[in-house]
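Just so we're on the same page: letters track the sequence lines, and every chain starts at 1. It should be emphasised that the depicted structure is a prediction, and the values quoted were computed from it without experimental measurement.
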Amino acid sequence: MCLSSRILNGKTRYFSTLRSSHTENKCILSVPVSSLSHHHLPILLSRATVSGLLLKLPLVHSVLRSLSLGPTPSLSFSFLSLLRRFANMTLDNYSLNIAISAAARVPSLDVGSQFHALSLKLSLASDSFVLNALINMYSSCNYPASARLVLDSAPRWASDVVSWNTIIAGYIRGGMPNKALQSFHQMAKEQVRLDEVTLLNVLVACARTGAMKVGSLCHALVVLNGFEINCYIGSSLVSMYAKCGMVEEARRVFNRMPERNVVCWTSMIAGCTQSGRFKEAVDLFRDMQIAGVKADDATIATVVSSCGQMGALDLGRYLHAYCDGHGLGKELSVKNSLIDMYSKCGDVNKAYQIFRGLTKRDVFTWTVMIMGFAMNGLCVEALDLFAQMEGEDKVMPNEVIFLGVLTACSHGGLVEQGYHHFHRMSKVYNLVPRIEHYGCMVDLLGRAKLLAEAEQFIKDMPVAPDVVVWRSLLFACRASGQVGLAEYAAERIEQLEPKRCGGHVLLSNVYATTSRWVDVNNVRTGMGNSRTSKKPGCSFIEVDGCIHEFFAGDESHFETEAICNTLFGINELLVAESFLILLPPTITKGQIAQVIVDFLEVAVSCVVFLKGFYPPRAFERRRYMNVVVQKAVHPQLAGYIHSATSGLLPFIQKGLVERVVVIFYDKAHVPVEKFVFKLAVNQSYGSKIEEASLEFALRAFLIKLAVAEPLTRTLPSDGSWEIAAYFRSLPPDGEKEAQLWIPTDTKQWMQPPQITPIKSMSCDPVKMQLYLEQPSRTEPRDPPTEP
DNA sequence: ATAGGGTTAG
């Protein structure tokens with residue numbers, strides 16, 4: 001037995017409570033609270049009773065409190081029953097409050113409702129502490145309606161703000177934010193004075209429901225009441241505004257906050273991610289590190305999601321490594337967003353590797369992996385995975401996962417399977433298909449060219465078709481040239497969305513495939529005359545870990561059309577030669593380098609042609625990969641390009657070449673323009689690749705190059721040009737193959753160059769980007785803003 | 001006594 005205060009090092013709450021409430025500084029057991037277990041209780045009781053300590057009520061309370069707040073709150077129940085049985089103690093309101101709070105912490109509805117009965121029996125249920133503890137207990141056990149019942153059946157004077165705050169929080173926790181808002185209104189009607197916690201909770205409810213008006217009202221109330229915009233209130237304000245689609249307002253609140261912790265930063269970053277401002281999200285993440293605030297798993301999850309959505313693989317990989325270096329990323333949400341990011345960036349193997357390494361998987365995990373397989377064309381794998389999930393029977397499918405399953409069916413042309421899963425969704429899992437699911441089905445039927453069936457399906461839908469549904473149908477009409485149906489769908493879109501450009505582009509494409517060029521023109525000019533405008537598309541390119549964001553401007557519209565038409569032509573060629581798709585020849589890793597080298601030779605030739613550096617007769621029109629290209633035929637020119645590109649073969653095979661650059665100089669040998677081919681060949685990639693898919697990916701570069709001239713600058717006369725290769729690491733001096741390559745002393749620009757992307761692609765294991773580097777113009781060019 | 005941010009989507 002220990003009765004000396006010296007031994008109590010004050011480390012645990014149990015001992016410190018004893019000390020603060022008791023001047024005698026006496027201890028009844030020298031075991032820290034964290035290692036107390038049930039078998040200590042009788043000892044505790046007997047020693048306390050013997051020494052007469054526990055019969056003093058404040059001490060009973062402090063022991064109970066310590067047990068209730070400790071790692072095993074249920075100990076307080078046992079101790080209480082021992083006290084009642086052996087020390088004849090009756091429960092007062094305070095002990096009851098502690099016991100109920102312990103039941104909330106476990107949480108145990110069973111024990112909690114027993115204490116509820118006990119408080120009614122002892123007429124203590126109207127004590128405001130007991131009342132609030134009961135409300136909290138039902139809320140914590142996810143019985144918000146019961147919590148509400150307790151409040152409503154108590155006398156008015158017994159409840160206060162805390163009661164209402166707890167009710168509101170309980171509805172939010174139970175996934176009923178609308179009920180939370182209702183309670184807030186009721187609370188106002190009963191003229192209960194709100195406090196900071198009320199507003200904080202209501203802001204969360206607004207964020208969940210998108211109740212923008214109530215949210216702004218809360219903001220006003222924060223200011224009117226003179227509440228400080230601290231980290232708590234600030235975070236929920238930022239989150240509320242972002243979720244209600246008012247990112248600008250969120251940013252304004254964020255910028256004005258006097259103090260910011262991880263949660264504030266994460267709210268703002270997540271706000272950007274959720275509203276498609278991916279680059280801003282990444283920039284904020286950098287600012288956060290500069291501000292010296294450490295990221296946690298929530299931060300990483302949302303930044304990784306941004307990377308995935310803009311295809312920034314390098315940055316995504318950096319974040320992955322950052323996690324490992326900072327002990328982060330252990331939470332499932334981070335793993336999920338990494339799987340999603342790798343899939344979206346085209347590295348399904350890496351995604352699946354992470355997926356397989358997980359011991360725990362939630363709905364998100366399965367959804368992102370199924371989606372990842374589906375979007376990378378591995379449709380059977382996606383369906384197999386869904387079957388595996390159902391077999392494991394640990395995770396309950398939700399609506400979103402079925403979108404992934406249906407997308408897989410749609411992309412894989414698996415009509416039967418699509419119907420099967422669509423029906424199972426409601427029959428087996430009691431999930432009501434939403435408009436998105438109907439959209440998937442229309443897409444599925446349309447892609448399978450079952451247009452009549454798709455049309456009938458739309459007619460039979462229990463929900464009104466939206467623009468996406470009509471667009472899927474309209475898109476499907478293109479392949480079958482069904483002009484009449486296409487026009488009907490376009491009309492529906494026009495009705496639903498008169499201000500947007502709607503189905504015009506798609507409709508004009510249907511006309512184009514049926515060679516109705518007059519109609520194509522009518523639609524196009526109609527678009528220009530009326531106020532319909534296309535929302536600018538946005539793309540990203542990642543250069544040395546730096547993200548560049550681009551909006552499709554009106555100027556580039558003409559080229560877009562040319563590219564689309566060329567692509568349609570290619571599509572038709574592919575359809576005509578569909579045996580290629582049925583029996584795809586595969587090539588090995590060694591052959592990949594050869595394909596790339598051949599491609600580079602042609603591409604460099606096209607670049608030089610495009611710049612008009614030599615007279616056109618130095619080139620010849622040739623067919624390469626089914627597109628028309630300009631191949632150099634002048635002996636010296638062709639010889640230079642051939643030897644330079646083919647000399648790269650051994651280094652590309654070893655994965656040593658990072659960039660192949662065509663540089664144009666002025667007469668002072670200062671670069672005027674660079675065409676950069678950034679290259680990555682994954683060396684660890686094991687399996688073979690389809691030659692057709694690699695060719696298809698590379699061909700897109702040649703098509704883009706053919707129309708890239710307007711993006712480039714006029715060359716000064718008497719300049720020069722050369723082919724340069726940037727190596728990841730330099731080959732040893734003695735190597736024979738390396739002797740062709742000499743270090744170049746290209747002058748550098750003073751300012752970072754202006755980057756213009758031309759094309760990027762990812763076709764495992766090859767990734768390639770083509771972009772222009774030009775010296776910066778003095779005045780920055782703003783991207784066109786959205787209408 | 002009650003309290004903030006995060007991952008999937010046709």
Taking atom [atom2] of [N] as reference, at what distance in whole Å does atom [atom1] of [X] sit?
X      : N      : atom1 : atom2 : answer
A:N230 : B:dG5  : CG    : C1'   : 14 Å
A:I458 : B:dG10 : CD1   : P     : 18 Å
A:L358 : B:dT7  : CG    : P     : 18 Å
A:W470 : B:dG10 : CH2   : P     : 20 Å
A:F285 : B:dG6  : CZ    : C1'   : 13 Å
A:M461 : B:dG10 : CE    : P     : 16 Å
A:N376 : B:dT8  : CG    : C1'   : 15 Å
A:L319 : B:dT7  : CG    : C1'   : 14 Å

Between [range] and DNA chain B, which residues have a heavy-atom gap below 4.0 Å?
range                       : value
residues 161-177 of chain A : A:V162, A:N165, A:T166
residues 233-241 of chain A : A:S235, A:S239
residues 253-267 of chain A : A:N261, A:V262, A:V263, A:T266, A:S267
residues 399-413 of chain A : A:V400, A:L403, A:T407

Subject >> Sole candidate of A:D160, A:N97, A:N165, A:T166 that passes side chain to side chain donor-acceptor pair (under 3.5 Å) when paired with A:N132 >> reply: A:D160

Distance check: side-chain N/O of [X] vs OP1/OP2 of [N], anything under 4.0 Å?
X      : N     : result
A:T198 : B:dT2 : no
A:K243 : B:dG4 : no
A:Q274 : B:dG5 : no
A:K335 : B:dT8 : no

Just call it for [X]: base, sugar-phosphate, or nothing, with non-hydrogen atoms closer than 4.0 Å on any strand.
X      : result
A:D296 : base
A:A133 : nothing
A:S101 : nothing
A:N97  : nothing
A:I435 : base
A:F129 : nothing
A:E331 : base
A:D127 : nothing

Subject >> Pairs where residues 332-343 of chain A contributes a residue and the test side-chain hydrogen bond (donor to acceptor under 3.5 Å, both in side chains) is met, not counting sequence neighbours >> reply: A:H320-A:Y342, A:N336-A:D362, A:N336-A:T365, A:D340-A:K344

Original post:
Does A:D466 get its side chain close enough to the base of B:dG10, under 3.5 Å, for a donor-acceptor pair?
Top reply: yes

Nucleotide nearest [X] (side chain, heavy atoms from C-beta), chosen from [options]:
X      : options              : answer
A:D340 : B:dG6, B:dG5, B:dT8  : B:dT8
A:R208 : B:dT2, B:dT7, B:dG5  : B:dG5
A:E436 : B:dA3, B:dG10, B:dG6 : B:dG10
A:N136 : B:dT2, B:dG6, B:dT7  : B:dT2
A:L200 : B:dT8, B:dG6, B:dA3  : B:dA3
A:N132 : B:dG4, B:dA1, B:dT8  : B:dA1

Original post:
If you measure from the Lys or Arg side-chain nitrogens to the Asp or Glu carboxylate oxygens, is any gap between A:E331 and A:K360 under 4.0 Å?
Top reply: no

With sequence neighbours excluded, residues passing salt bridge (Lys or Arg N to Asp or Glu O under 4.0 Å) with [X]:
X      : result
A:R252 : A:E249
A:E436 : A:R434
A:E190 : A:R156

Original post:
Among A:V197, A:V253, A:L200, which residue meets the side chain to side chain contact (heavy atoms under 4.5 Å, CB included) test with A:I233?
Top reply: A:L200

Subject >> CD/A:E416: more than 12 non-hydrogen atoms of other groups inside 6.0 Å >> reply: no

Original post:
Would you find more than 12 non-hydrogen atoms of other residues, nucleotides or ligands less than 6.0 Å from A:F457 atom CZ?
Top reply: yes

Original post:
Centroid-to-centroid, A:F184 to A:W164, below 6.0 Å?
Top reply: no

Original post:
So, for A:W265 and A:F254, is the gap between ring centers shorter than 6.0 Å?
Top reply: yes

Original post:
Mind checking whether A:F402 and A:F386 have parallel, tilted or perpendicular rings, split at 30° and 60°?
Top reply: perpendicular

Please identify each residue that fulfils side chain to side chain donor-acceptor pair (under 3.5 Å) with [X], with sequence neighbours left out.
X      : result
A:D92  : A:H61, A:S95
A:Y322 : A:Q289
A:Q182 : none

Original post:
Please, which pairs that meet salt bridge (Lys or Arg N to Asp or Glu O under 4.0 Å) have at least one residue in residues 126-147 of chain A, sequence neighbours excluded?
Top reply: none

